[in-house]
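Sequence positions, counted from 1, serve as the residue numbers for this chain. What you see is a predicted model, and the numbers here were worked out from it, not measured in a lab.
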Amino acid sequence: MSNTTFDHPPSGLTSRGRPRHIGLDVTRAVALIGVVVMNYHGMINFRGPAVRSDGLIERIFDISTGVLSTRFAATFVVVAGIAVTFLTHHTKSGNPQFSLNNDRTRLVRRGLILLATGYFLNEVWPGTIIFYYGAYFLCAAVLFRWRTSLLSATAALVAAGGVGIAIWRRLRFQNGDSTTWMNPSDLDSLGNFLLRVFIGYTHPVLPWLAFFILGMIVGRWWNLIVARYRIVIAVSMLIVVASYLLATMARLFSWRDHAVVYAVTSLRPDERGLLYVSSTAGIAIIAILVINQVAETFRHVSVITHLQRAGQMTLTLYLMHVFYFYLVVDWSGLVTGTGLTTALLLSGSFWLGAISWASWWHHRLGQGPAERLYRWLGGWNPDRSGSALTARD
């Protein structure tokens, strides 16, 4: 097989021969695998009559309360924040080839494209994260030149804002007042649109923007963090363990009877608790650094190469997983809601085919079809190449 411009070697080069961050590409692929599993589990078993179980594995994979719930998506969001820093780092260095306004315009265009794509995709795939990605990118267009200290304070305020809303909703709940209107299923008005973006449903700006900002900060210190990855992982593990211990203590000692304590210590993704944010951020950092270390160590192993190539086509693969679900579940009726095992098998069948196809496509043709269109509409950076949501855009 002869090499072409897009014939990427296992060492991980972009289509222009520039080195990629292999670990982040692989992290993106692994995170998307988890996203597909949780999405399929939710769509198969939690819409209409569901086949559920109280077993340990089922509790871990529970889409509302399980330890894996939204953790894959949050890891994906942190990596996206890192990607924004890598995309715009030349502006900070004062490269005259790229202006501040060009980078800001590029982020706005890409944010609007993702927001519009998610808006229409939401009609068939409720709660799609693509919709929220658009909001994060629009926010990044304002934030990407801020000092790290100011970014950190903003992330803290965003997390606190999510907790504040959770406290208010808990108080209303205790008074017998419904707040379901804050989670609109339809985007048929400006009010519902703003509620969906900032407050309601699956991945709202409050508090999910904090994960995105965390990624932006990590991107600024990436080389140092990777060099000291053992220390960073240890600190992250302490944060995760402390979060779960505090939540357990609050439950055992009945501290959660108080609305404020309940909101702060909740680990449920839909309740936006402070301990949920801290534990999820810690898990995301651990996952990114562990996968990065494994990927860099075994970069020439074929499995890593396939995952790396798939990680550069995540937008295409995400859209494909929606089509695949409708093809084998809703349109053909080949799969019905029969529990977690069915969701895992369906996810596995998708990924066996998807990773193989993505690796072949990327090896021979480079960017995925969705990534190519996204870059064409969203603004191409002539000094870089990659996919829509890659670390070296």
Side-chain angles (χ1 to χ4, degrees), residues 31-50 63-64 69-70 72-74 76-77 80 108-139 179-206 208-209 212 269-270 313-337 342-343 346-347 350 354 368-378 387-389:
L32 190 56
I33 292 173
V35 168
V36 171
V37 170
M38 299 306 293
N39 283 350
Y40 282 0
H41 183 34
M43 290 294 287
I44 291 175
N45 298 310
F46 289 84
R47 58 172 186 173
I63 63 172
S64 298
S69 178
T70 73
F72 296 107
F76 212 106
V77 170
V108 169
R109 286 173 62 177
R110 296 185 179 193
L112 290 175
I113 291 168
L114 293 172
L115 198 64
T117 301
Y119 178 87
F120 291 106
L121 185 61
N122 182 75
E123 294 298 316
V124 296
W125 202 251
T128 172
I129 197 171
I130 298 295
F131 179 86
Y132 297 99
Y133 258 103
Y136 307 150
F137 270 70
L138 291 176
C139 292
T179 59
T180 56
W181 56 271
M182 299 180 72
N183 295 317
S185 57
D186 298 319
L187 302 177
D188 52 1
S189 68
L190 178 60
N192 283 350
F193 176 84
L194 294 176
L195 284 171
R196 173 68 71 88
V197 170
F198 289 97
I199 297 175
Y201 229 63
T202 53
H203 312 91
V205 168
L206 300 174
W208 276 71
L209 183 62
F212 195 87
D270 58 342
M313 292 178 56
T314 48
L315 182 57
T316 295
L317 295 180
Y318 182 88
L319 297 175
M320 284 179 58
H321 101 283
V322 176
F323 174 79
Y324 182 74
F325 179 87
Y326 275 92
L327 178 64
V328 300
V329 178
D330 282 5
W331 297 338
S332 67
L334 295 175
V335 177
T336 57
T342 301
L346 181 64
S347 303
F350 170 76
E371 284 76 14
R372 196 177 297 275
L373 178 62
Y374 173 83
R375 284 169 59 84
W376 179 67
L377 295 174
S387 72
L389 302 177

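- In summary, the side chains of Thr117 and Tyr133 do not present any donor paired with an acceptor at a separation below 3.5 Å, with no hydrogens or angles considered.
- A 4.5 Å side-chain heavy-atom check between Phe325 and Ile44 finds at least one atom pair inside the cut-off.
- Atom CD1 of Ile129 is separated from atom CG of Leu114 by 11.0 Å, given to the nearest 0.5 angstrom.
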- request: Before giving the answer on ring-ring contact (aromatic ring centres under 6.0 Å, His included), spell out for Trp125 and Phe323 the whole-Å C-alpha distance, their side-chain angles and the decisive distance to 0.1 Å.
  value: CA-CA 10 Å; Trp125 202 251; Phe323 174 79; over 10 Å; no
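- Nearest heavy-atom pair, Pro369 versus Met313, reported as atom, atom and distance to 0.1 Å: CD-CE, 4.4 Å.
- Side-chain N or O atoms of Ser189 include one that pairs as donor or acceptor with a backbone N or O of Asn192 at under 3.5 Å.
- The ring pair (Phe, Tyr, Trp, His ring centres under 6.0 Å) search around Phe131 returns Phe193, not counting sequence neighbours.
- Tyr40 places a side-chain N or O within donor-acceptor distance of the main-chain N or O of His321, the cut-off being under 3.5 Å.
- Taking each heavy atom of Gly118 and Ile130 in turn, the nearest pair found is N-CG2, 3.8 Å.
- Panel note: side chain Arg110, backbone Tyr374; no donor-acceptor pair is recorded below 3.5 Å.
- Of the inter-residue distances, the one linking Asp270 atom CG with Thr202 atom OG1 reads 11.0 Å to the nearest 0.5 angstrom.
- No side-chain donor-acceptor contact under 3.5 Å links Tyr136 to the backbone of Ala80.
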- request: Take Phe137 and Phe212, measure what ring-ring contact (aromatic ring centres under 6.0 Å, His included) needs, and give me the verdict at the end.
  value: CA-CA 9 Å; Phe137 270 70; Phe212 195 87; 5.8 Å; yes
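- No side-chain heavy atom of Leu373 sits less than 4.5 Å from a side-chain heavy atom of Ile113.
- Considering every non-hydrogen atom in both Gly127 and Asn122, the closest pair reads N-OD1, 3.0 Å.
- Note that CE of Met182 and CZ of Phe198 are 13.0 Å apart. Values are rounded to the nearest 0.5 Å.
- Applying side-chain contact (heavy atoms from CB on, under 4.5 Å) to Val35 and the options Ile33, Val37, Asn39 leaves one that passes, Asn39.
- Side chains of Thr314 and Phe76 form a contact here, defined as non-hydrogen atoms less than 4.5 Å apart.
- Considering only heavy atoms from C-beta on, Leu138 comes within 4.5 Å of Val108 through its side chain.
- Contact check for Glu371 versus Thr316: side-chain heavy atoms found under the 4.5 Å cut-off.
- Ring pair Phe350/Tyr324 is tilted by interplanar angle, where 30° to 60° counts as tilted.
- With contacts defined as side-chain heavy-atom distances shorter than 4.5 Å, the pair Arg196/Leu187 qualifies.
- Thr128 is not listed as a side-chain neighbour of Val322, based on a closest heavy-atom distance of 4.5 Å or more.
- When all heavy atoms are compared, the tightest approach of Leu327 to Trp331 is CA-CE3, 3.6 Å.
- Residue Tyr201 comes nearest to Pro126 through the heavy atom pair OH-CB, 3.6 Å, listed as atom of the first residue, atom of the second, then distance.
- Side chains of Leu317 and Val36 form no contact here, defined as non-hydrogen atoms less than 4.5 Å apart.
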